Student: 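This is the structure, below, for whatever I ask next.
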Amino acid sequence: MSLAEHLVFFPVLVPMLVGIILLLPPFHQNLERQRPLVMAANLGLLVVAVLLLGQAVNDGPSLYRLGDWHPPFGILLVADQLASLMLILTAILAMTTHWYACAGDDGRGPFFQPLFMFQLMGINGAFLTADAFNLFVFFEILLIASYALLIHGGGKHRTQAAVHYVLLNLIGSAFFLIGLGILYASFGSLNLPDMAQKASQLSDDNIILAKSGGLLLLLVFGLKSAMLPLHFWLVRTYSMTSAPVAALFAIMTKVGIYSIWRVHTAVFGDHAGELSGLASDWLWVLGLLTIAVGAVAALASQTLRVLTANLVVVSAGTLLISIAVGTEEATAAAIYYLLHSTLMSAALFLLAGLIQEQRGQAQDRFVKAKPLPQAVPLGIAFFILAMAMVGMPPLSGFLGKVWLLQATVSHDMMAWVWSVLLISGLAALVVFSRAGTSIFWRVQGQPGSDVKAHGLQWLALYMLLSMSLLMVVFAGPLTDLSASAASELYSGLALPEPVEVQP
Amino acid sequence: METVFAICVGVLTTGGVYLVMRSHTFSVVLGLTLLSYAVNLFLFATGRLSVNQAAILGQSSNPADPLPQALVLTAIVIGFAMTAFAIILALRARADLGNDQVDGKVRDDVLNKRKKAQGE
């Protein structure tokens, strides 16, 4: 096999090796040496992801068989267009949040850099794998890294939030395994493309089993992606942790959404006979309620970080609705919206971190306080972000939302979706006006601190902001790409015929 | 055998779920352990139960399904790591928050009872 064929495995291998190297003597406990290595690794991951996307667009999805076991046996990694897009998103997010962290947040506790790498390994692996059990394994890798990153820097509130987060996710993992067990018992395979092919040929007994297994998995993915009754952990967790970690976590809810796509769209899709549309009845209600609850909680939030966390819940709900619509067009729109909302909520977390540092005692609470030392550049960033998150033209949020609304035009639930989405946009507009006015205008006296943001922090923030602009400038190619990624997801992956082995 | 197996899984799950819903971190961790035992046993059963059949082709006429055994092995390893992490985190929470409640707060009635006991 040539190197190009092994490229698929790089997004998992590189972070793992770099993470291990960071723990070895010349790098161990030496941030000055760790930082450039991780930066190089992030850049490398971005390059690999772009190459993979190129391969996926030109030559179709690339398969990678670990240990050369032929599917459906063994572990299969697949880099199709959707997976490669998610890899690029992860790489951009990792690069920027890592720059931000290098300005000082990584030194507040040990092992930030290696944990960052292991986190990336888990996320990338979860995007690449085409095996349901392997998905579980990568989920656990990304979770255990996230547990440690969450309490990085310490503090009472972080520990408290971490206990909930860890215990909830451990229970979630138990349910994940039960779901996988049920699916294996009914399908006789855990390879996702193989399951998709078998879905229409199950016997009646097994269909009931497969349904319960599928719904159990929906429960687990719903927990990760902050679906309504399971989203309570998110706001506390995301608002308590440090800014770069919260920004990196912006992709974690999307891992849940991505898994729903892989399992509930690809396996239990239209072709699955009696199993098709297993989740969509539930997703309608849950998605709409998630948006509503997220918007109301955003209206009630007292700090910028809690506000951002609630908007993450709103965006998760929006994506859940697009899954419930269940058409190719809606999925394509959702992919574009997912890219936008991940980057923008990450940027908002970073901005909240900067504001919190500069405001001293008042932190990021919406109260009257002393003015910010660097109010102008922060204010510009806030204004751009608010427009993008609310979904006003000319930024990417607008395009994403309009496309999503268009995709539901001929649907029965159109009235509901339109009203909930538009009203939640209005609510976001209201909260951003309130937040902006109190943070930037309700000020008195002289700046309380002379904390200046580090150059890397500005770079990270404005790099993420420019992504929104780029997503509009290159909207044509990007929408084509998400459309073809969505159609690839729907058409499913054909597994190569097993080779006859001579004994 | 199936009945006994099912009862075992059921009892372990029931105990696990009950303990997980308690308010002390110790019982919750204990519940998680029970739950993961139940899950591991359950995974075994997904490959259909068979007695005295090796999980290797050619060793017996009707070999057991090897895949669930591989899955259980992975699940056990991950389960141990996660339980260990949960215990360490519970200890840290005990030190940071001053109590071993899952939500970090002692209930009011418990607090009052404690105060009363100290006062007497």
Side-chain angles (χ1 to χ4, degrees), chain A residues 69 72-75 131-134 136-141 143-148 150-151 154-191 209 213 216 232-233 236 240 501 503, chain B residues 9 12-13 16-17 19-22 25 28-29 31-48 57-58 65-68 70-72 74-79 81-105:
Chain A
W69 284 85
F73 307 104
I75 294 165
D131 181 280
F133 193 81
N134 205 26
F136 165 77
V137 174
F138 278 120
F139 259 62
E140 295 303 303
I141 294 176
L143 282 176
I144 203 160
S146 77
Y147 299 158
L150 177 62
I151 38 177
K156 213 171 147 180
H157 295 294
R158 275 182 201 165
T159 320
Q160 206 176 342
V163 172
H164 281 196
Y165 178 68
V166 170
L167 293 180
L168 257 179
N169 275 305
L170 286 180
I171 298 166
S173 303
F175 279 102
F176 198 165
L177 277 176
I178 295 175
L180 285 180
I182 295 175
L183 284 182
Y184 181 74
S186 50
F187 281 87
S189 163
L190 283 175
N191 185 295
L209 266 183
L216 261 178
F232 292 104
W233 57 271
R236 263 271 281 292
M240 283 308 162
V501 182
Chain B
V9 174
L12 280 173
T13 315
V17 169
L19 284 174
V20 155
M21 290 196 276
R22 306 284 295 171
T25 47
V28 172
V29 169
L32 282 172
T33 321
L34 282 190
L35 212 54
S36 73
Y37 286 154
V39 166
N40 292 340
L41 277 181
F42 178 76
L43 277 183
F44 257 123
T46 59
R48 310 291 185 267
L57 285 175
D65 192 344
L67 197 91
L71 301 189
V72 169
T74 319
I76 289 173
V77 173
I78 291 177
M82 291 297 174
T83 313
F85 190 90
I87 291 172
I88 295 298
L89 186 70
L91 286 175
R92 166 132 181 209
R94 170 74 184 76
D96 279 4
L97 305 171
N99 61 65
D100 74 335
Q101 302 286 312
V102 170
D103 57 1
K105 287 177 210 127

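Letters A, B, ... mirror the listed sequences (proteins, then strands); counts begin at 1. Computed from a prediction, not measured in an experiment: that's the story for all the values here.
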Student: Do B:Leu71 and A:Phe136 come close enough that some side-chain heavy atom pair is under 4.5 Å?
Tutor: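 Heavy-atom side-chain distance check fails, nothing below 4.5 Å.
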Student: When only pairs under 4.5 Å are counted, which of B:Ala38, B:Gly16, B:Pro68, B:Ala86 shares the most heavy-atom pairs with chain A?
Tutor: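 Among B:Ala38, B:Gly16, B:Pro68, B:Ala86, the one with the most close pairs to chain A is B:Pro68.
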Student: Please name the pair of heavy atoms, one in B:Leu97 and one in A:Lys156, separated by the smallest distance, quoted to 0.1 Å.
Tutor: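 Looking at all heavy atoms of both residues, the closest pair is CD2-CG, 3.4 Å.
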Student: Evaluate whether atom NE2 of A:His157 has more than 12 neighbouring non-hydrogen atoms of other residues, nucleotides or ligands under 6.0 angstrom away.
Tutor: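 Open.
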Student: Given a strict heavy-atom distance threshold of 4.5 Å, which part of A:Tyr147 is in contact with chain B: side chain, backbone, both, or neither?
Tutor: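 Contact with chain B: backbone and side chain both.
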Student: Sort out for me which of B:Val29, B:Thr46, B:Leu89, B:Thr25 touches chain A most, counting heavy-atom pairs under 4.5 Å.
Tutor: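 The option with the most such pairs is B:Thr46.
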Student: Atom CG in A:Asn169, atom CZ in B:Phe85: separation rounded to 0.5 Å?
Tutor: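 The CZ atom of B:Phe85 is 11.0 Å from CG of A:Asn169, to the nearest 0.5 Å.
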Student: Roughly how far, to the nearest 0.5 Å, is CG of B:Leu35 from CZ of A:Phe175?
Tutor: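 Spacing of CZ (A:Phe175) from CG (B:Leu35) equals 6.5 Å.
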Student: Check whether A:Ile182 gets within reach of chain B through its side chain, its backbone, both or neither, counting any heavy atom under 4.5 Å.
Tutor: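 It is both, since atoms from each part get that close.
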Student: By a 4.5 Å heavy-atom criterion (distance strictly below it), what part of B:Val102 contacts chain A: side chain, backbone, both, or neither?
Tutor: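 Both backbone and side chain of B:Val102 come within 4.5 Å of chain A.
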Student: Given heavy-atom pairs under 4.5 angstrom as the criterion, report whether the side chain, backbone, both or neither of A:Val163 touches chain B.
Tutor: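 Contact with chain B involves both backbone and side-chain atoms of A:Val163.
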Student: Roughly how far apart are B:Met82 CE and A:Leu170 CG, rounded to 0.5 Å?
Tutor: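 Those atoms lie 6.5 Å apart.
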Student: If every non-hydrogen atom of B:Ala75 is compared with every non-hydrogen atom of A:Leu177, which pair is closest and at what distance?
Tutor: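 Where B:Ala75 meets A:Leu177 most closely, the heavy atoms are CB-CD1, 3.7 Å.
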